[in-house]
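Working notes, beginning with the structure itself.
Scope of the values below: all heavy atoms of this structure, side chains included, with no hydrogens, waters or symmetry mates. Naming convention: chains lettered A, B, ... in sequence-line order (proteins, then strands); numbering from 1 in each chain.
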Amino acid sequence: MTTVDMKDIVSLCKRRGFIFPASDIYGGINGFWDYGPLGTELKNNLRDRWWKDMVLTPPIGPDGTPLQMFGVDTSIIQNPKLWKASGHIDGFSDPMLDCRETKKRYREDKLIVYKPKDGQGNAIVFHEDAESDEIEKRIKKISKGQSVDNYEKTSLKNIDTTDYENLIGPDTKTAGTLTEPREFNLMLHTFLGATGGEENKAYLRPETCGSIFTNFKNIVDNSRGKIPFGIAQIGKAFRNEVTPRNFIFRSREFEQLEMQFFCDPKDNIKEWFNFWKDYRKNWWLKIGLSDNHLNFHEHTEDDLAHYAKEGVGAYDIEYQFPFIAPGFDELEGIHDRSQFDLSQHEKFSGKKMQYQNLETNEWYTPYVIETSAGLTRGVLALICQAYTVDENRPSGMYMNFHPSMAPKKAAILPLTAKDGHPEVAQKLYLEMREHMVVDLDIKQNIGKRYARQDEIGTPFCITIDGQTLEDQTVTVRERNTMAQERVHLDNVTEYVKKRLV
RNA sequence: GCGAGUGUAGUUCAAUGGUAGAACGACAGCCUUCCAAGCUGUAUAUGCGGGUUCGAUUCCCGUCACUCGCUCCA
């Protein structure tokens, strides 16, 4: 396997207009990226393909009937109670602090402090479950013989941060190694209303699925949703990642392709789960990711998300990104969320989130299988997969995008800038651009123009030459093989179209 | 968030306490040609802020960004 350096990928992305650092002229901003002309096309191609294959023409179910799927596009900001119900607000809002020396991290509320009653000397910090003889021993040692009685016990919250320099951390002997406690909630928040204060706090969604669940009843009641069915959504999501890193892989603003599939708890959940798992992996294969770069990772009991504890399992589809190779990193999760979300929303909203089987009149809370893919991670995977080193061509490499994903489908290149070539080229360009994204490039020599198209992964280059004027044929060059074929002008749009699927 | 490193044209690199160079890319002109990016020319850079200094891209401090290792990832 050839390993591609992320550095080369990042510089190509900037040089050719795929992806730029956000607010580049101001020095960038950690965790945010802008999509340039080609990156936008690529992302749209991936997004549209997902929407088609999931919503417009969803797969045929295991029993041979086409699945019912509904598309929604919900607001990024929702009532904060939604995130309370989903567990996102409480799940990760503890103030934490670090020890600079030992690199350990502590929850503020789990630490207790022994402060000298006379105010002389350092205060000593312990973990809340420290044994009393352990406390006694350590205090004696550090204070050179003083007893616990000379110390008063308090919680870390009562210590002013200006006094932190006099604190001795739980796992060290030196004072002043603890950092100030920091909120570690990973949700981005904002304030609603022009004068919004704390009471008007709202959150930018950390995933798109929350509002899929809250629309469950609308779909059932107003869109004739009959279980089993799915609700799908594409949209932005935001997380205050501790360490945004690896180009667009972990960014604070990203885009998701999410689908929640609601089924009868009496169904064979495992069968549905496997159905989606296989369908989703094959989908990535269809759009050009190679099998040996894809991997299924099954979550163990310990790292299951809070919503997935009850279910039949959780799998990640992982891709072998260059920055982690030979390891893999998550591209899409297929998780059994069981009845967690609908039950939670029923509890918090007081609205019945159940489904009635009208044939049996039986009410139940549906089971949910989630497929949650990162659109922006998908773009990165496509780019990494496509980057192909080839020392035998002028560009030194080419982007081997699947034709259906390539940002530009064809480039029209008159061999010379005179002799009537540009006129023919422009006519063809105006025809073809009605059907696909095409480039018209007239200037400079042909080798240079081929090389440029190779670098951005255009699958077909169409050349108008002397012979075109005689017999109305053009040459079509295929990117990967560089082989050429003569095609009549009347057929060239169809010729390319057929090869984009 | 911690630790280490890096920061010079669009990209990849050079150089210097005293005028910042190249290659590729871009653009213009020439060539009119089917691929080792033809020929000529033009424009473009020391991340940002402060300090030291007669003078800082170079030394120092801060900051921002990127890379690597930790940490985190509902």
Original post:
Less than 3.5 Å between a donor and an acceptor, one on the side chain of A:R250 and one on the base of B:rC73, is that the case here?
Top reply: yes
Subject >> Interatomic distance, A:M187 CE vs B:rC72 C1' [rounded to whole Å] >> reply: 16 Å
Original post:
Does OP1 or OP2 of B:rU11 have a side-chain N or O of A:K14 closer than 4.0 Å?
Top reply: yes
**OP:** Could you check whether A:M6 gets within reach of a base, just the sugar-phosphate, or nothing at all, counting any heavy atom under 4.0 Å?
**Re:** nothing
Original post:
Can you list the residues that meet the ring-ring contact (aromatic ring centres under 6.0 Å, His included) rule with A:F401, with sequence neighbours excluded?
Top reply: none
Original post:
With sugar-phosphate meaning primed atoms plus P, OP1 and OP2, does A:L415 contact a base, only sugar-phosphate, or nothing at under 4.0 Å between heavy atoms?
Top reply: base
**OP:** Would you kindly give the CG-to-P distance between A:D441 and B:rC34, to the nearest whole Å?
**Re:** 17 Å
Original post:
When you check the phosphate oxygens OP1 and OP2 of B:rC66, does a side-chain N or O of A:N246 lie under 4.0 Å from one of them?
Top reply: no
**OP:** Hey, which sits more toward the 5' end of RNA chain B by its nearest nucleotide, A:R452 or A:R252?
**Re:** A:R452
**OP:** May I have the distance from A:Q444 (atom CD) to B:rC24 (atom P), rounded to whole angstrom?
**Re:** 13 Å
Original post:
How would you label the contact of A:T463 with the nucleic acid (heavy atoms, under 4.0 Å): base, sugar-phosphate, or nothing?
Top reply: base
**OP:** Among the candidates B:rA37, B:rC73, B:rU32, find the nucleotide nearest to the side-chain atoms of A:D419.
**Re:** B:rU32
**OP:** Would you kindly check whether a donor in the side chain of A:Y26 faces an acceptor in the base of B:rC48, or vice versa, at under 3.5 angstrom?
**Re:** no
Original post:
Any chance the side chains of A:Y35 and A:T376 put a donor and an acceptor closer than 3.5 Å?
Top reply: no
Original post:
If we take the C1' atom in both B:rU46 and B:rU6, what is their distance in whole Å?
Top reply: 14 Å
Original post:
Quick one: A:L469 CG to B:rU32 C1', roughly how many Å, whole number?
Top reply: 13 Å
Original post:
Is the Lys NZ or Arg CZ of A:R280 less than 6.0 Å from the centre of A:W283's six-membered ring, within 45° of the axis?
Top reply: yes
Original post:
Starting at the 5' end of RNA chain B and moving along, which residue's nearest nucleotide shows up first, A:I25 or A:E391?
Top reply: A:E391
**OP:** Considering only NZ, NE, NH1 and NH2 on the basic side and carboxylate oxygens on the acidic side, decide whether A:E478 and A:R499 come within less than 4.0 Å.
**Re:** no
Subject >> Given B:rG1, B:rC35, B:rU32, the nucleotide with the shortest approach to the side chain of A:T243 >> reply: B:rG1
Subject >> Length of the line joining A:D316:CG and B:rC73:C1', which is rounded to integer Å >> reply: 12 Å
**OP:** Just call it for A:Q484: base, sugar-phosphate, or nothing, with non-hydrogen atoms closer than 4.0 Å on any strand.
**Re:** base
Original post:
Expressed in whole Å, how much space separates the P atoms belonging to B:rA37 and B:rA4?
Top reply: 45 Å
**OP:** Could you work out the separation of B:rC48 and B:rU11 based on their P atoms and round it to a whole Å?
**Re:** 14 Å
**OP:** For nucleotides B:rC34 and B:rA14, find the distance between their C1' atoms and express it as a whole number of Å.
**Re:** 37 Å
**OP:** Using a 4.0 Å heavy-atom cut-off across all strands, classify A:R393 as base, sugar-phosphate, or nothing.
**Re:** nothing
Original post:
Hey, does the Lys NZ or Arg CZ of A:R377 hover above the aromatic six-ring of A:F249, less than 6.0 Å from the centre and inside 45° of the axis?
Top reply: yes
Original post:
How is A:D465 classified with respect to the nucleic acid when contacts are heavy atoms under 4.0 Å: base, sugar-phosphate, or nothing?
Top reply: base
Original post:
Got A:F460 and A:L500 here, is their nearest side-chain heavy-atom distance under 4.5 Å?
Top reply: yes
**OP:** Answer yes or no on whether A:R479 is positioned over the face of A:Y398, meaning its NZ or CZ is under 6.0 Å from the six-membered ring centre and within 45° of the axis.
**Re:** no
Subject >> Euclidean distance, atom CD of residue A:E241 to atom P of B:rG1 [Å, nearest integer] >> reply: 14 Å
**OP:** Name the closest nucleotide to the A:N30 side chain, picking from B:rC34, B:rG38, B:rC66.
**Re:** B:rC66
Original post:
When we call it a touch if two heavy atoms are under 4.0 Å apart, what does A:F249 touch: a base, just sugar-phosphate, or nothing?
Top reply: nothing
Original post:
Got a sec: does the NZ of A:K427 have more than 12 other heavy atoms crowding it under 6.0 Å?
Top reply: no
**OP:** Give each stem of RNA chain B as a range with a range, requiring at least 3 consecutive Watson-Crick or G-U wobble pairs whose two distances are under 3.5 Å.
**Re:** B:1-7 with B:64-70, B:10-13 with B:21-24, B:26-30 with B:38-42, B:47-51 with B:59-63
Original post:
Do any side-chain nitrogens or oxygens of A:N445 fall under 4.0 Å of OP1 or OP2 in B:rA37?
Top reply: no
**OP:** Output the single nucleotide from B:rU32, B:rA26, B:rA37 whose closest atom is nearest the side chain of A:A417.
**Re:** B:rU32
Subject >> N or O in side chain of A:K7 less than 4.0 angstrom from B:rU67 OP1/OP2 >> reply: no
Original post:
What is the distance, rounded to the nearest whole Å, between atom CG of A:L12 and atom P of B:rC24?
Top reply: 18 Å
Original post:
Do the numbers put A:K277 on top of the ring of A:F296, so that NZ or CZ is under 6.0 Å from the six-membered ring centre and no more than 45° off the axis?
Top reply: yes
Original post:
To the nearest Å, how far apart are A:R449 CZ and B:rA36 P?
Top reply: 14 Å
Original post:
Between atom NZ of A:K418 and atom CD1 of A:I442, what is the distance when rounded to the nearest 0.5 Å?
Top reply: 14.5 Å
Original post:
Under 4.0 Å: is that the gap between some side-chain N or O of A:R15 and OP1 or OP2 of B:rC24?
Top reply: no
Original post:
Touch check for A:R245, heavy atoms < 4.0 angstrom, all strands: base, sugar-phosphate only, or nothing?
Top reply: base
Original post:
Could a donor-acceptor pair under 3.5 angstrom be found where the side chain of A:R477 meets the base of B:rC35?
Top reply: yes
